[in-house]
Number of protein chains: 2
Amino acid sequence: MSATAPAPTSAASEAWLLMSRLFQGNRGQFFAVCQELKLSPPQAMALRLLEPGTPTPMSELAGLMHCDNSNVTGIVDRLEARGLVLRRPASHDRRVKHLVVTDAGADVRERLGTLMAQPPAALLRLSAAEQRQLVALLGKALAE
Amino acid sequence: MSATAPAPTSAASEAWLLMSRLFQGNRGQFFAVCQELKLSPPQAMALRLLEPGTPTPMSELAGLMHCDNSNVTGIVDRLEARGLVLRRPASHDRRVKHLVVTDAGADVRERLGTLMAQPPAALLRLSAAEQRQLVALLGKALAE
DNA sequence: TATTGTTATACTCTATAACTATA
DNA sequence: TATAGTTATAGAGTATAACAATA
């Protein structure tokens with residue numbers, strides 16, 4: 001018998017599962033933030049991914065959002081109609097349009113960032129030392 | 001002056017930010033899993049939230065998904081059309097319909113769980129000891 | 001020929017409101 | 001009256017394919 005382990009369940013996947021629960025439990029908060037800023041979730045994500053001062057081609061945003069270019073057209077249409085971003089022709093390639101976050105967009109984006117940075121209650125139950133330990137571990141995992 | 005701190009930026013919110021990056025970076029993987037199982041993201045979420053052997057009222061699923069009851073009707077319609085769940089009248093209240101995961105649904109749900117449990121590469125860069133440390137911290141945060 | 005962004009199409013998700021059948 | 005689930009409606013997100021302009 002090849003005695004397949006019942007489930008590898010490495011510590012890494014266990015940690016991932018716990019983080020997934022944290023996110024699932026925080027989804028309500030995310031929707032509330034979107035509603036407060038009058039953004040749909042995809043619009044909020046797009047605005048968060050666009051960096052003010054860094055013109056970004058539509059196709060690059062599509063890549064970051066893991067969706068088709070044609071979706072970005074509509075999402076950006078609505079952000080542009082609200083004056084949060086604007087389309088600007090790129091100088092080096094006339095097929096490309098750069099997305100630029102407007103001042104109004106940067107304002108909404110910052111509020112979005114502030115609200116979304118609010119950690120779930122679960123994390124606040126950890127002591128300050130434990131929180132720092134968590135930061136150190138996650139920082140190491142994400143280090144390039 | 002009430003000297004509002006420029007930004008609390010507790011270690012907790014920094015940890016939360018890092019976890020958010022981990023999730024953002026893993027979205028592509030999630031979409032790939034959905035596509036492989038031929039489930040839309042909401043369908044996948046619904047199937048994951050329904051526990052086989054635990055009949056669940058539609059409205060409870062709506063609550064877990066943070067959406068309106070009327071959305072669940074359509075999502076469940078499609079899951080039911082594929083034979084992954086079924087509706088069953090609840091005995092104690094004839095207004096309520098219980099959702100039951102079928103055997104086929106339990107199978108897909110388990111594959112979904114297995115694929116989604118796959119931790120992102122970043123977590124695998126941590127040593128086994130560090131991974132266990134992470135589990136301990138997250139476990140403490142999520143402890144009831 | 002290949003790529004960027006748009007348009008057309010069809011389907012899914014979403015919130016709201018109105019409806020039904022229960023309670 | 002209130003609640004569970006459905007239906008109707010309208011708007012938004014999604015993938016695919018076809019298209020124009022550009023490379």
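For the numbers below, each heavy atom of this structure counts, side chains included, while hydrogens, waters and symmetry mates do not. Every chain is numbered from 1, with letters handed out A, B, ... down the list of sequences.
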Report the C-alpha separation of B:E14 and A:L138 in whole Å, then their side-chain angles, then the decisive distance to 0.1 Å, and conclude whether the side chain to side chain contact (heavy atoms under 4.5 Å, CB included) test is met.
-> CA-CA 10 Å; B:E14 195 165 346; A:L138 292 167; over 6 Å; no
Candidate pair B:L79 and B:L39, rule side chain to side chain contact (heavy atoms under 4.5 Å, CB included), full reasoning | CA-CA 9 Å; B:L79 288 175; B:L39 294 167; 4.1 Å; yes
Stepwise side chain to side chain contact (heavy atoms under 4.5 Å, CB included) check, A:L18 with B:L134 = CA-CA 10 Å; A:L18 291 169; B:L134 195 54; over 6 Å; no
Determine, stepwise, if the pair B:L123 / A:M19 fulfils side chain to side chain contact (heavy atoms under 4.5 Å, CB included).
-> CA-CA 11 Å; B:L123 288 186; A:M19 282 190 247; 3.7 Å; yes
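Phosphate proximity of C:dT6 to A:T73: present, with a side-chain N or O under 4.0 Å from OP1 or OP2.
Exactly one residue among A:K97, A:R87, A:R88 makes a salt bridge (Lys or Arg N to Asp or Glu O under 4.0 Å) with A:E80. That residue is A:R87. With respect to B:M58, the side chain to side chain contact (heavy atoms under 4.5 Å, CB included) criterion is satisfied by exactly one of B:L99, B:V96, B:I75, B:N69: B:L99.
Taking only distance into account, the side chain of A:R95 meets the base of C:dT3 through a donor-acceptor pair shorter than 3.5 Å.
Residue-level contact check: B:S70 touches the bases, meaning some heavy atom is under 4.0 Å from a base atom. Within 4.0 Å (heavy atoms only), B:D93 reaches sugar-phosphate atoms of the nucleic acid but no base atom.
Within residues 33-50 of chain A, the residues that place at least one heavy atom under 4.0 Å from DNA chain D are, in residue-number order, A:S40, A:P42, A:Q43.
Side-chain proximity of B:S59 to the nucleotides D:dA15, C:dG5, D:dA4 is greatest for D:dA4.
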